[in-house]
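Each ligand, and each atom within it, is numbered from 1 in the order the structure gives.
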Amino acid sequence: MDKRKLLAKIDFYLVTDSGLSKKRTLSDVRNAVEAGCRIVQYREKDRSTKEMVKEAFLIKEICEDKAIFLVNDRIDVAMAVDADGVHIGQDDMPIAIARQLLGDDKIIGLTVHNLKEALEAEQDGADYVGLSPIFDTSTKEDAGKGIGPESIKGVKNALNIPIVAIGGINKENCMSVVRGGADSLVAISAVVCSDDVKSETKYFIDMIRITRTNLS
Ligand code: TZP
Ligand code: MG
């Protein structure tokens, strides 16, 4: 299956966080995918490569043909399990090299903080950008100050690739992010710290779709 086609359909985007997760990563992925989430990023900062590869294989199985499966930072892990792609940051592997390693069929997402980085990302061949952080967040220590949902529009208008909003997004402010022009959004703590990841994911998916419909 061509997972790239799914990129046009993403709304709620799950990023795993084993440190914050109440029910553990595999359960979070299973529940989010069951709720209809179409993109999952395995983000793991504290595990051995061996453990990551093992867990990544299991996540890939859960995502199957239902959701895009990306690995954060670790291009080696993504290649080891034949994931659908990677999500990398400004200080990670340059996109051109990541592309050479992964091939044209794989999806590469890049974190950007402003319009300049976003334009560069598209030019360099990113398949989507993660615009970060929209609001202040304590989930990522070095995320910086929130740029505000009103900053999304300028990036959206300048780019042809999807914009994924991330950072401090919750049930209360998610509508402003969609109204701002985000194609998709990540809400890590709002979802993985909950007792019911499935219903929280469903809430975000429904809210994104309703807000989009009201905009059109
Ligand atoms: N990248 C930029 S902000 C962030 C990451 C991984 C953390 C987002 O977490 P939360 O809990 O949704 O604010
Ligand atoms: Mg990174």
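Ionic pairing of K3 and D127 is not present here: no N-O contact between side-chain nitrogen and carboxylate oxygen is shorter than 4.0 angstrom. By the 4.0 Å N-to-carboxylate-O rule, E51 lies too far from K54 to be salt-bridged with it. A salt bridge is absent between K106 and D84: the closest approach of a Lys/Arg side-chain nitrogen to an acidic carboxylate oxygen does not fall below 4.0 angstrom.
For ligand 1, the atoms lying closer than 4.0 Å to a non-hydrogen atom of A187 are 12 (O). Counting atoms of ligand 1 from 1 in the listed order, those under 4.0 Å from a heavy atom of R43 are 6 (C). For ligand 1 and S132, the ligand atoms under 4.0 Å from any heavy atom of the residue are 2 (C), 3 (S).
At least one N/O-N/O distance between G168 and ligand 1 falls below 3.5 Å. Geometrically, ligand 1 and I188 share a nitrogen or oxygen pair separated by less than 3.5 Å.
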Exercise for the section: Could you give me the CA-CA distance, side-chain angles and deciding distance for T49 and R74, then say whether side chain to side chain donor-acceptor pair (under 3.5 Å) is met? Expected result: CA-CA 9 Å; T49 300; R74 297 288 303 270; 2.8 Å; yes

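With the Mg ion (ligand 2) as the vertex, OD2 (D92) and OD1 (D73) define an angle of 70°, rounded to 10°.
When only non-hydrogen protein atoms are considered, atom 10 (P) of ligand 1 lies nearest to T139 OG1, 3.4 Å. The protein heavy atom nearest to atom 13 (O) of ligand 1 is T137 OG1, 2.5 Å. Nearest protein neighbour of atom 1 (N) of ligand 1, counting heavy atoms only, is K140 CD, 3.3 Å.
Not close to ligand 1: V15, with no non-hydrogen atom less than 4.0 angstrom away.
The Mg ion (ligand 2) has no N, O or S atom of D91 under 2.8 Å away, backbone or side chain.
Neither side chain, E55 nor T25, offers a donor N or O lying under 3.5 Å from an acceptor on the other.
By the 6.0 Å contact criterion, CZ on R212 is enclosed, its count of non-hydrogen atoms from other residues, nucleotides or ligands being greater than 12.
A donor-acceptor contact shorter than 3.5 Å links the side chain of K23 to the backbone of D195.
The aromatic rings of F69 and Y42 sit tilted relative to each other, their planes meeting at an angle between 30° and 60°.
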